[in-house]
Protein chains: 2
Amino acid sequence: MAQKIKLSTIAESLGLSTATISLALRDSPLVAADTRERIKEQARAMGYIYNRRAASLRTSRSGIVGVVVHDIMNPFYGEILKAIEGELDRRSHTFILSNHYDSVEKQRNFIEMLLQLGGDGVIMSPAIGTPPEDVALAENNNMPAILVARSMEGTALPTYRGDDSYGISLATNHLISLGHRTIAMVGGTDQTSTGRDRYQGYVNALRKANMEVDPDLRIPGPRSKQAGFEAAMQFLSLPQKPTAAVCWNDLVAIGFMNGIARAGLIAGQDISVTGYDDLEEASIATPALTTVWNGQEEVGRLAARALLDKLAGSHEPDGLHLIKPEMRIRQSTGPVRPRT
Amino acid sequence: MAQKIKLSTIAESLGLSTATISLALRDSPLVAADTRERIKEQARAMGYIYNRRAASLRTSRSGIVGVVVHDIMNPFYGEILKAIEGELDRRSHTFILSNHYDSVEKQRNFIEMLLQLGGDGVIMSPAIGTPPEDVALAENNNMPAILVARSMEGTALPTYRGDDSYGISLATNHLISLGHRTIAMVGGTDQTSTGRDRYQGYVNALRKANMEVDPDLRIPGPRSKQAGFEAAMQFLSLPQKPTAAVCWNDLVAIGFMNGIARAGLIAGQDISVTGYDDLEEASIATPALTTVWNGQEEVGRLAARALLDKLAGSHEPDGLHLIKPEMRIRQSTGPVRPRT
DNA sequence: CTGAAAGCGCTTACAG
DNA sequence: CTGAAAGCGCTTACAG
């Protein structure tokens with residue numbers, strides 16, 4: 001590497017000013033077409049690398065969007081991320097990703113870091129217990145925030161997520177229609193809007209069918225495959241002998257199905273199991289998982305668009321945007337069969 | 001937000017110079033302890049946000065490390081990423097993540113973007129067909145690169161990955177020791193070092209046991225759960241009626257087990273199946289998957305350390321660093337049982 | 001121990 | 001259509 005190529009290097013080599021080079025490289029019509037081509041060609045030949053920090057310092061725009069979710073390794077967020085990535089790519093923004101693992105501190109560090117880098121905006125699935133000041137920190141420093149997947153109290157920020165309460169009632173109703181009368185709810189935590197809403201939707205569906213709501217049929221907590229797997233043992237030892245399980249999400253449901261399989265029970269035959277999200281994996285699980293489509297792809301795409309539009313100056317409406325979930329019936333649910 | 005707080009704002013409010021503020025905020029011993037505290041307190045009170053672009057423009061160091069892999073949603077890379085994240089966090093570097101989906105172009109765009117942002121270094125699992133010029137682009141612009149998971153021809157870059165050939169031979173030997181004589185290899189592509197090495201390891205193990213190598217027993221291609229699931233049908237219709245499958249990785253193996261389950265066959269009883277990687281998921285699969293530990297966590301940690309050490313000026317040795325894989329025997333393999 | 005000044009590499013009014 | 005000059009917000013020699 002001989003020497004750092006910058007605008008002025010190109011300018012000198014061509015006998016032009018840096019202003020002209022700058023304009024030409026950004027396709028300004030202020031520069032004559034042939035000059036522009038000559039400049040671009042020279043830049044390429046010299047191996048010029050645009051210095052975004054310098055540009056961003058001057059313009060106070062960086063083209064960087066931050067995304068922070070609970071855990072990018074969780075395919076639910078992965079599918080949202082993929083949609084965001086697609087949308088951002090098309091409008092040539094870079095995105096910086098981070099997990100917060102539900103640590104408010106880790107999330108705040110990320111927001112600060114993003115601010116230091118001059119991030120244009122942030123898309124977040126807020127960590128449990130996020131104080132309103134932390135999102136205000138972003139907004140007050142001219143970095144708009146959009147929420148995905150989870151709602152947050154005390155903010156009017158644009159929020160994109162599925163209608164959890166409605167969605168889980170679809171799954172519960174499906175089990176009721178198959179004749180199940182003792183239905184457990186496995187997983188989820190009251191600390192997130194998702195957990196609260198899904199439990200509420202399950203309760204509502206039971207009530208509407210005039211079925212008794214037994215709080216002991218709830219096994220709260222599990223949110224991963226591993227935890228769903230372990231919850232199966234707990235489920236099987238429940239004195240009420242439930243014949244079906246409404247799982248909090250697909251991961252829990254898949255782990256749960258593996259768990260009951262260890263006890264020689266088959267989902268869809270011995271125990272009916274529903275998931276939630278309709279991950280890519282749901283349809284190839286054994287048995288194929290009956291679940292609720294939760295629109296990850298749409299959530300991601302709409303959130304990214306909303307942010308980019310906001311950055312472009314349009315005034316998007318704040319508040320909650322709910323995606324309507326849909327039932328996906330497969331093999332993990334079937335007619336009730338009494339447990340022995 | 002009243003007004004942008006910068007070093008000079010703090011300096012004026014305290015009757016000091018920006019140089020002193022700058023030094024104090026970075027804990028320089030050149031500033032008297034009490035002045036330093038006073039400055040820090042004032043910065044906090046005013047809501048000062050450090051402008052990294054300005055600093056980076058001046059110092060030409062950004063604290064940003066790029067990481068680009070095939071697909072961050074793939075748990076194999078996810079586990080590597082998690083280890084990198086942990087290491088980078090501890091040494092307060094930000095990391096920017098990207099998928100290349102084996103597109104050389106997408107990978108090159110990412111490298112360029114990183115260069116524009118002033119990235120200090122890059123960790124990559126090179127896309128299939130990456131030309132040496134693309135990594136040279138990084139290196140020549142003073143952004144060192146470290147390779148993970150895959151080797152690349154024509155470079156002497158530091159590379160961290162498992163010993164694929166040795167690892168797959170462990171799995172193959174395990175099946176041979178259980179009495180299997182017709183063993184298929186499912187998945188992987190000759191386009192990556194991983195694919196080539198694993199097939200070679202399988203072939204070597206068969207040869208060493210004086211078993212015939214039948215190229216038709218290879219089902220190349222699958223690298224995902226979905227593809228493993230589909231490959232099961234192909235496997236079951238093989239005229240040689242293999243009794244065991246060495247799968248290219250855990251994802252393929254899990255999909256494959258689900259696939260044969262649809263045909264009423266149970267892994268470990270009817271067909272023996274081995275995976276590769278030992279993902280967190282392997283042990284809770286049904287049945288629990290016999291696989292080869294591939295050290296994702298170590299690969300990530302060592303690669304991140306090597307990069308940070310290099311950035312700190314130490315001269316790490318280039319070349320290949322192999323992690324030694326280990327067998328993990330679970331329930332998906334068992335004594336041979338002839339197929340009907 | 002603290003300050004004045006230059007410079008990192010861009011972009012943007014402003015002239016011409 | 002092109003150029004000269006200021007300035008974005010830091011850090012770093014260099015003085016004192």
Side-chain angles (χ1 to χ4, degrees), chain A residues 1 3-40 42-43 46-64 112-113 115-120 141-142, chain B residues 1 3-40 42-43 46-64 112-113 115-120 141-142:
Chain A
M1 179 79 186
Q3 173 217 3
K4 193 114 199 165
I5 310 297
K6 44 193 176 180
L7 286 190
S8 63
T9 324
I10 304 178
E12 281 166 27
S13 80
L14 251 30
L16 291 167
S17 77
T18 59
T20 304
I21 311 293
S22 172
L23 260 11
L25 291 179
R26 283 174 298 135
D27 284 319
S28 164
L30 291 177
V31 179
D34 60 329
T35 317
R36 209 190 308 158
E37 280 320 306
R38 208 154 42 94
I39 290 174
K40 286 191 165 189
Q42 179 74 346
M46 297 180 93
Y48 172 67
I49 288 169
Y50 180 65
N51 188 326
R52 264 174 204 265
R53 287 113 82 209
S56 157
L57 183 57
R58 177 62 224 244
T59 63
S60 70
R61 279 211 133 208
S62 64
I64 292 176
E112 264 171 24
M113 153 70 54
L115 248 12
Q116 295 182 357
L117 288 172
D120 292 336
N141 284 287
N142 198 27
Chain B
M1 181 77 185
Q3 171 218 4
K4 193 113 197 165
I5 309 298
K6 44 193 177 178
L7 286 190
S8 62
T9 325
I10 304 177
E12 282 167 25
S13 80
L14 251 29
L16 291 168
S17 76
T18 59
T20 304
I21 310 294
S22 171
L23 259 11
L25 291 179
R26 282 174 298 134
D27 283 319
S28 163
L30 291 177
V31 179
D34 60 328
T35 316
R36 208 191 308 159
E37 280 321 306
R38 209 153 42 94
I39 291 174
K40 287 192 163 185
Q42 178 74 343
M46 297 180 94
Y48 171 66
I49 287 170
Y50 180 65
N51 188 326
R52 262 174 204 266
R53 288 113 80 210
S56 159
L57 182 58
R58 178 61 223 246
T59 62
S60 72
R61 278 212 132 207
S62 63
I64 291 176
E112 263 171 25
M113 153 70 55
L115 247 12
Q116 295 181 355
L117 288 172
D120 292 337
N141 284 287
N142 197 27

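First the proteins, then the strands, lettered A, B, ... as listed; each starts at 1. Everything numeric here is computed off the predicted structure, so don't read it as measured data.
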Problem set entry | Close side-chain approach of A:Met113 and B:Arg52, heavy atoms under 4.5 Å | yes
Exercise. Would a 4.5 Å heavy-atom cut-off, applied to side chains only, mark A:Ile10 and A:Leu16 as touching?
Worked result: no
Please report, rounded to the nearest Å, how far the [atom2] atom of [N] is from the [atom1] atom of [X].
X	N	atom1	atom2	answer
A:Lys4	C:dC10	NZ	P	9 Å
A:Arg26	C:dT12	CZ	C1'	9 Å
A:Arg58	D:dG9	CZ	P	10 Å
B:Leu57	D:dT11	CG	C1'	10 Å
B:Tyr48	D:dG9	OH	P	10 Å
B:Leu7	D:dT11	CG	P	6 Å
B:Ile49	D:dC8	CD1	P	18 Å
B:Leu30	D:dC14	CG	P	15 Å

Considering every strand and a 4.0 Å limit on heavy-atom distances, what is the contact class for [X]: base, sugar-phosphate, or nothing?
X	result
B:Ser60	nothing
B:Ala19	base
B:Gly118	nothing
B:Ser8	nothing

Give the nucleotide from the list [options] with an atom nearest to the side chain of [X].
X	options	value
B:Lys6	D:dG9, C:dT2, C:dG9	D:dG9
B:Tyr50	D:dT11, C:dT2, D:dC1	D:dT11
B:Asn51	D:dC10, C:dG3, C:dT11	D:dC10
A:Ser17	D:dG3, D:dC10, C:dC10	D:dG3
A:Ser22	D:dT12, D:dG9, C:dT11	C:dT11

Exercise. How far apart are the C-alpha atoms of B:Glu12 and B:Ser17, what are their side-chain angles, what is the distance that settles it, and do they pass the side-chain contact (heavy atoms from CB on, under 4.5 Å) test?
Worked result: CA-CA 7 Å; B:Glu12 282 167 25; B:Ser17 76; over 6 Å; no
For this session: Sort out the partner of D:dA13 for me: Watson-Crick or G-U wobble, both distances under 3.5 Å, none otherwise.
Result: none
For this session: Give none if C:dA4 has no partner; otherwise give the nucleotide forming a Watson-Crick or G-U wobble pair with it, both distances under 3.5 Å.
Result: none
Problem set entry | Whichever of B:Thr59 and B:Pro29 has its nearest DNA chain C nucleotide further upstream toward 5' | B:Pro29
Problem set entry | N/O (side chain, A:Thr20) to phosphate O (OP1/OP2, D:dT2) under 4.0 Å | no
Would a distance-only check, ignoring hydrogens and angles, find a side-chain to backbone donor-acceptor pair under 3.5 Å from [X] to [Y]?
X	Y	value
B:Asp120	B:Arg61	no
B:Arg26	B:Ser22	yes
A:Ser62	A:Gly118	yes

Exercise. Does A:Thr18 or B:Arg53 map to a spot on DNA chain D nearer the 5' end, using the closest nucleotide for each?
Worked result: A:Thr18
